[in-house]
Protein chains: 2
Amino acid sequence: MLYSSELIKGTLRTIILKLLCDQQRMYGYEITQKVKELTNNRIQLTEGALYPSLHAMESEGLLVTETEYIGKRVRKYYSISKTGKAKATEKVNELAEFMETMRVLLNIDLRTLTVQ
Amino acid sequence: MLYSSELIKGTLRTIILKLLCDQQRMYGYEITQKVKELTNNRIQLTEGALYPSLHAMESEGLLVTETEYIGKRVRKYYSISKTGKAKATEKVNELAEFMETMRVLLNIDLRTLTVQ
DNA sequence: CAAACATACATAAATCTCTTAGGTATCAAA
DNA sequence: TTTGATACCTAAGAGATTTATGTATGTTTG
């Protein structure tokens with residue numbers, strides 16, 4: 001089951017920043033696969049959203065890139081800057097608080113929730 | 001503190017449907033106030049988003065309206081239909097699963113989270 | 001008693017984020 | 001040799017919301 005994508009809106013940057021906080025460096029395609037794997041195919045990032053988002057965060061100084069060649073194929077690695085790290089923390093905290101607020105508002109019982 | 005509103009996107013209908021599930025009937029302005037109160041001013045629904053959303057859900061048969069006059073002032077009450085109730089459950093469950101997935105993905109520890 | 005604020009509805013243009021759809025190219029497997 | 005995976009990218013369109021605006025009544029306060 002895939003989530004109705006409206007929900008993903010607004011969380012893409014948070015996901016990317018948090019992943020890059022933990023993983024040192026990753027390239028775009030790798031990010032899509034990692035998210036897919038970590039969420040048991042529940043969240044499938046689209047490239048049309050991912051790449052522009054990566055480019056934007058690079059130009060904002062949140063991410064830094066280095067390009068490498070694997071054979072003849074280009075691979076663009078992204079890693080997180082100091083500013084990016086701060087932004088990651090901020091965004092994750094904000095999302096956490098938002099989720100907690102929604103949990104209370106909608107009276108969602110997380111104890112009975114197991115996603116697998 | 002108000003949430004950066006991107007997060008709210010995609011959850012507006014869920015909030016409205018769930019509230020109307022619990023409250024029998026409410027009017028638009030009342031919904032904004034109730035959400036504000038229940039979230040300690042954290043979520044502030046904008047009227048530009050709320051009213052079109054209510055109108056859409058009415059035309060989709062999820063909500064039913066009755067108009068009343070309080071003095072000379074119009075008040076439009078919304079209540080939830082049977083279809084709406086089913087939709088509410090569906091949407092709340094979907095959001096709950098999405099939040100749980102995000103919690104795992106971002107490694108958010110809800111035990112240390114207290115929103116107040 | 002007038003101004004400010006709250007209540008109560010509504011619409012429309014602009015904005016933002018993402019999807020859909022397309023494009024290019026390399027590499028591995030069947 | 002064709003299919004599928006890897007790997008990058010952009011642009012048009014869609015969808016949900018914000019911002020701005022409008023109308024009008026009721027209440028409070030200086």
Side-chain angles (χ1 to χ4, degrees), chain A residues 2-17 25-37 41 43-60 62-63 65-78 91 94-95 98 102, chain B residues 2-17 25-37 41-60 62-63 65-78 87 91 94-95 98 102:
Chain A
L2 229 70
Y3 293 115
S4 94
S5 47
E6 304 133 36
L7 294 174
I8 320 268
K9 285 191 186 180
T11 61
L12 177 57
R13 278 173 174 238
T14 309
I15 293 172
I16 297 171
L17 288 170
R25 67 175 210 170
M26 297 178 89
Y27 53 97
Y29 186 76
E30 187 184 8
I31 293 175
T32 65
Q33 299 309 301
K34 191 72 182 175
V35 169
K36 198 177 161 189
E37 176 203 323
N41 300 313
I43 296 181
Q44 185 103 296
L45 302 185
T46 59
E47 299 185 317
L50 178 68
Y51 289 115
S53 189
L54 285 171
H55 301 162
M57 288 197 283
E58 186 191 0
S59 79
E60 287 166 27
L62 304 174
L63 304 181
T65 59
E66 16 177 6
T67 299
E68 282 185 22
Y69 279 85
I70 308 298
K72 286 178 183 172
R73 197 147 54 181
V74 177
R75 191 179 278 177
K76 203 165 158 187
Y77 280 98
Y78 289 85
K91 288 220 141 225
E94 186 183 69
L95 181 58
F98 175 71
M102 288 297 287
Chain B
L2 229 67
Y3 293 116
S4 95
S5 47
E6 304 134 37
L7 294 175
I8 320 267
K9 284 189 186 181
T11 62
L12 177 58
R13 277 173 175 239
T14 309
I15 292 171
I16 297 171
L17 288 169
R25 67 175 210 170
M26 297 178 89
Y27 53 98
Y29 186 77
E30 188 185 9
I31 292 176
T32 65
Q33 298 310 301
K34 190 75 181 172
V35 169
K36 198 176 159 188
E37 177 203 323
N41 300 314
R42 283 189 189 80
I43 295 181
Q44 186 101 297
L45 302 185
T46 58
E47 298 185 315
L50 178 69
Y51 289 116
S53 189
L54 286 171
H55 300 163
M57 290 196 283
E58 186 191 0
S59 78
E60 288 166 27
L62 304 174
L63 303 181
T65 60
E66 17 178 4
T67 299
E68 283 184 21
Y69 278 85
I70 309 297
K72 287 178 183 172
R73 197 148 54 180
V74 177
R75 191 180 278 181
K76 204 165 157 187
Y77 279 99
Y78 289 85
K87 181 64 94 178
K91 289 220 142 228
E94 186 184 70
L95 180 58
F98 175 71
M102 288 297 286

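In what follows, chains are A, B, ... by sequence order, proteins preceding strands, each numbered from 1. Heavy atoms only: backbone and side chains are in, while hydrogens, waters and symmetry mates are out.
Rounding to whole angstrom units, OH of residue B/Tyr51 and P of C/dA13 are separated by 20 Å. With rounding to whole Å, B/Leu45 atom CG is found 16 Å from C/dC9 atom C1'. One can place NE2 of A/His55 at 16 Å from C1' of C/dT17, the figure rounded to the nearest angstrom. Rounded to a whole Å, the OH atom of B/Tyr69 is 13 Å from the P atom of D/dA24. Following rounding to the nearest Å, B/Leu12 (CG) and C/dC16 (P) show an atom-to-atom distance of 20 Å. Atom-to-atom, CD of A/Glu66 to P of D/dC8 comes out at 13 Å; the value is rounded to the nearest Å. In this structure, B/Ile43 atom CD1 and D/dT17 atom C1' are separated by 14 Å, rounded to whole Å. Whole-Å rounding puts the B/Lys36 NZ to C/dA8 C1' distance at 15 Å.
When distances run from any side-chain atom of B/Arg75 to the nucleotides D/dA7, C/dC9, D/dT10, the shortest one goes to C/dC9.
To the nearest 0.5 Å, the span separating NZ on A/Lys91 from CG on A/Leu17 amounts to 7.5 Å. Residue B/Tyr27 holds its OH atom at 9.0 Å from OG1 of B/Thr32, rounded to the nearest 0.5 Å. With rounding to the nearest 0.5 Å, the separation of CD1 in B/Ile16 from CG in B/Leu45 is 7.0 Å. Note: B/Met57 CE to B/Leu63 CG = 5.0 Å, rounded to the nearest 0.5 Å.
Side-chain contact between B/Ile43 and A/Met102 is present, with heavy atoms from C-beta onward closer than 4.5 Å. B/Lys76 has its side chain within reach of B/His55: a pair of non-hydrogen atoms, C-beta onward, lies under 4.5 Å apart.
Contact between B/Pro52 and B/Glu47 at its shortest, heavy atoms only, is CD-O, 3.8 Å.
Using five terminal pairs a side, the axes of the helix from C/dC1-D/dG30 to C/dA30-D/dT1 at its two ends make an angle of 20°, given in steps of 10 degrees.
For A/Glu37, the side-chain contact (heavy atoms from CB on, under 4.5 Å) partners at least two apart in sequence or on another chain are A/Lys34. Judged as a side-chain hydrogen bond (donor to acceptor under 3.5 Å, both in side chains), and not counting sequence neighbours, A/Tyr29 has no contacts. Applying the side-chain hydrogen bond (donor to acceptor under 3.5 Å, both in side chains) criterion to B/Glu30, with sequence neighbours excluded, gives no partner residue.
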Give the C-alpha distance, both sets of side-chain angles, the deciding distance and a yes or no for salt bridge (charged side-chain N to carboxylate O under 4.0 Å, His left out) between B/Glu60 and B/Lys87. CA-CA 11 Å; B/Glu60 288 166 27; B/Lys87 181 64 94 178; over 6 Å; no

Each nucleotide in nucleotides 21-30 of chain C should get exactly one letter: B, S or -. Can you fill that in based on protein heavy atoms under 4.0 Å? -----BS---

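Contacts of residues 26-35 of chain A with DNA chain D (heavy atom under 4.0 Å): A/Tyr27, A/Gly28, A/Tyr29.
Between B/Thr46 and D/dT17, a side-chain N or O to OP1/OP2 separation shorter than 4.0 Å is absent.
For A/Ala49 and A/Val74, each mapped to the nucleotide of DNA chain D holding its nearest heavy atom, the one lying further toward the 5' end belongs to A/Val74.
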